[in-house]
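All heavy atoms count here, side chains included; hydrogens, waters and symmetry mates do not. Residue numbering restarts at 1 for every chain, and letters A, B, ... go by the order of the sequence lines. Every value quoted in this text rests on a predicted model; they were computed, and no experiment measured them.
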2 protein chains.
Amino acid sequence: MESTQQDGRRQTSTERRRRELLEAAERIVLRDGPGASMNAIAAEAGITKPILYRHFGDKGGLYRALAVRHTNALLAGLRAALDAPVLRRDRVEATLDTYLVAIETRPQVYRFLMHPADEENPAESGFDVGRHSAPLLRRLGEELAEVIRERLDLGPDGEEKARVWGHGIVGMMHAAGDWWLRERPCSREQLVQHLTDLLWGQLAAVKDRADGPGF
Amino acid sequence: MESTQQDGRRQTSTERRRRELLEAAERIVLRDGPGASMNAIAAEAGITKPILYRHFGDKGGLYRALAVRHTNALLAGLRAALDAPVLRRDRVEATLDTYLVAIETRPQVYRFLMHPADEENPAESGFDVGRHSAPLLRRLGEELAEVIRERLDLGPDGEEKARVWGHGIVGMMHAAGDWWLRERPCSREQLVQHLTDLLWGQLAAVKDRADGPGF
DNA sequence: TTTCAAGAGTTACTTACGGTAACAGGAGTC
DNA sequence: GACTCCTGTTACCGTAAGTAACTCTTGAAA
């Protein structure tokens, strides 16, 4: 009994330490971008490199641990919007908006999670670094595919179609959000409306221009 | 006159050399992935590092030059499909298919252009490197937005909507293509059909499942 | 013909970063 | 008291980006 409790205490102790290290890492990554060095992170935590390596294996491990944290938070929010008991179109709008609010309110975290390149000063580290967008986007795509599959009646090849749509819609949301966050050409509400219009078939329904070639 | 000709000859000479270096770089990048070292590239070209730096400034410059090459080739193909004098739906299908054929036939080039991480052996270079997807995707999005704007009558805020749709559709194509290329869950034709169905408003039109909650 | 300018090329170096021994306390446990 | 485990250190290795300083060749111009 006592030994079990002891093990428990030790476990929580190392886990707490790990959390502290992750928080230090996060501060530095938010300050220096994904190119932050292990030395810098260790210094911020008040220790030296080898401890980081003992906790996270390698730099990828540390970054993965950081990414998992934020990814889980984002996914929880999206799941809630996706499961809301409202009309389909409202649900789509709510989900898009949830995602956009997330990237709008914490752009640094977003850049870390999604954006590989063009960080900070281009003279740094030669070219670029960091990047984990692919895993996150794939997770999002699979989640959405599952929701689509279990909600919609897509006929014989519905399984396949649901997955294509899931990844496609996530990609649309991601690319549009990335561009919007960079250029801010319109309000969030307008962006959501435009995207929902697109998903609601307006591309097929809208007329050709009078003056264009118009096929 | 003679001096002008001289300058011309010198210019073409250095440009030819630059092209040769880029071709060597391409061979190595295709062999070693985006983590290819400048030393390896120089060796492949039969020279040493400083020459590469004189030609391209830094590693980013070299990679950018490589990316521009392929990006231009891809864009030319897409523009042709986008401008074909056929019905709108056929044009959309042709454009999607053109993109998918490109990434299917030269996946290594695609990975280099788009994909930052998960290359090769994960133990290399600590974490990951390379990446320029953002510039390419942004260019594609802007191109598509222009086509949409000049072809379709989108009403008062059509300018804005065209840009949102351009980036959104490109993102959809990219994400779906990336996932498809990795998992190959269906034929290219089926993928094109599913994506076109999505863009044609099937998400709005399709019925709820009989057994689901069905909002 | 000599001279000059410029490009191609080299060796050898610096700097920085990821990652790894090897070692030194300190706190609980048998 | 010896054992073990965790935390922490210093000092190092390998590799890769990027630079400085020098040489060689070539082609034009005086």
Side-chain angles (χ1 to χ4, degrees), chain A residues 1-21 24-25 28-29 32-64 120-130, chain B residues 1-21 24-25 28-29 32-64 117 119-130:
Chain A
M1 265 305 188
E2 278 180 18
S3 112
T4 320
Q5 192 184 7
Q6 194 54 256
D7 283 17
R9 269 214 289 155
R10 274 212 187 130
Q11 181 114 358
T12 56
S13 156
T14 69
E15 275 175 7
R16 183 168 47 242
R17 193 76 183 105
R18 186 187 159 100
R19 244 193 26 240
E20 291 169 8
L21 297 182
I28 295 303
V29 165
D32 294 356
S37 84
M38 294 298 267
N39 262 327
I41 293 171
E44 169 74 18
I47 54 166
T48 49
K49 270 194 301 176
I51 305 180
L52 288 181
Y53 284 95
R54 275 217 274 270
H55 274 276
F56 302 104
D58 61 358
K59 193 174 189 178
L62 200 169
Y63 276 51
R64 232 172 291 126
E120 317 277 311
N121 46 344
E124 162 175 324
S125 158
F127 187 53
D128 67 15
V129 262
Chain B
M1 265 305 188
E2 277 178 20
S3 109
T4 319
Q5 191 186 8
Q6 194 53 255
D7 283 16
R9 268 214 290 155
R10 278 215 183 124
Q11 180 114 1
T12 56
S13 155
T14 69
E15 276 175 6
R16 183 170 47 242
R17 193 76 183 104
R18 186 186 160 98
R19 244 192 28 239
E20 291 169 9
L21 297 183
I28 294 303
V29 165
D32 295 356
S37 85
M38 294 297 268
N39 261 328
I41 292 171
E44 169 73 18
I47 54 165
T48 50
K49 268 194 303 177
I51 305 180
L52 288 181
Y53 284 95
R54 275 218 275 270
H55 274 276
F56 302 104
D58 61 357
K59 194 174 188 177
L62 200 169
Y63 276 51
R64 232 172 290 126
E119 279 284 343
E120 316 277 311
N121 45 344
E124 162 175 324
S125 158
F127 186 55
D128 66 14
V129 262

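- Residues Val29(B) and Tyr63(B) form a side-chain contact, since some pair of their non-hydrogen atoms from C-beta on lies under 4.5 Å apart.
- Taken from NZ in Lys49(B) to CD1 in Ile41(B), the straight-line distance is 11.5 Å, to the nearest 0.5 Å.
- With hydrogens and angles ignored, no donor-acceptor pair closer than 3.5 Å exists between the side chain of Lys59(B) and the base of dA16(D).
- By the 4.5 Å heavy-atom criterion applied to side chains, Phe56(B) and Arg18(B) are counted as neighbours.
- Identified under the side chain to side chain donor-acceptor pair (under 3.5 Å) test for residues 34-44 of chain A, with sequence neighbours left out: Arg27(A)-Glu44(A).
- With sequence neighbours left out, the side-chain hydrogen bond (donor to acceptor under 3.5 Å, both in side chains) criterion links Arg17(A) to Glu20(A).
- Remark: Thr48(A) is in phosphate contact with dT9(D), judged by side-chain N or O atoms under 4.0 Å from OP1 or OP2.
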Nucleotides 21-23 of chain D: which of its N/O atoms have a protein N/O under 3.5 Å away?
none

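- Between the OH atom of Tyr53(B) and the P atom of dT14(C) there is a distance of 17 Å, rounded to whole Å.
- Listed candidates were dC17(C), dT10(C), dT9(D). Nearest to the side chain of Ile51(B) is dT10(C).
- A straight line from CG of Leu21(A) to P of dC6(D) spans 15 Å, rounded to a whole angstrom.
- Spacing between atom CG of Asn39(A) and atom C1' of dT15(C) amounts to 13 Å, rounded to whole angstrom units.
- Distance CE (Met38(A)) to P (dG14(D)): 21 Å, rounded to an integer number of Å.
- When rounded to the nearest whole Å, the span between NZ of Lys49(A) and C1' of dA22(C) equals 15 Å.
- Considering only heavy atoms from C-beta on, Leu21(B) comes within 4.5 Å of Ile47(B) through its side chain.
- Arg17(A) places its CZ atom 8 Å from the P atom of dT7(D), with the value rounded to the nearest Å.
- Here the P atom of nucleotide dG18(D) and the NE2 atom of His55(B) are 16 Å apart, to the nearest Å.
- Regarding Ile41(B), its CD1 atom lies at a distance of 12 Å from the C1' atom of dA16(D), rounded to whole Å.
- Rounding to the nearest 0.5 Å gives a distance of 10.5 Å between NE2 of His55(A) and CG of Leu62(A).
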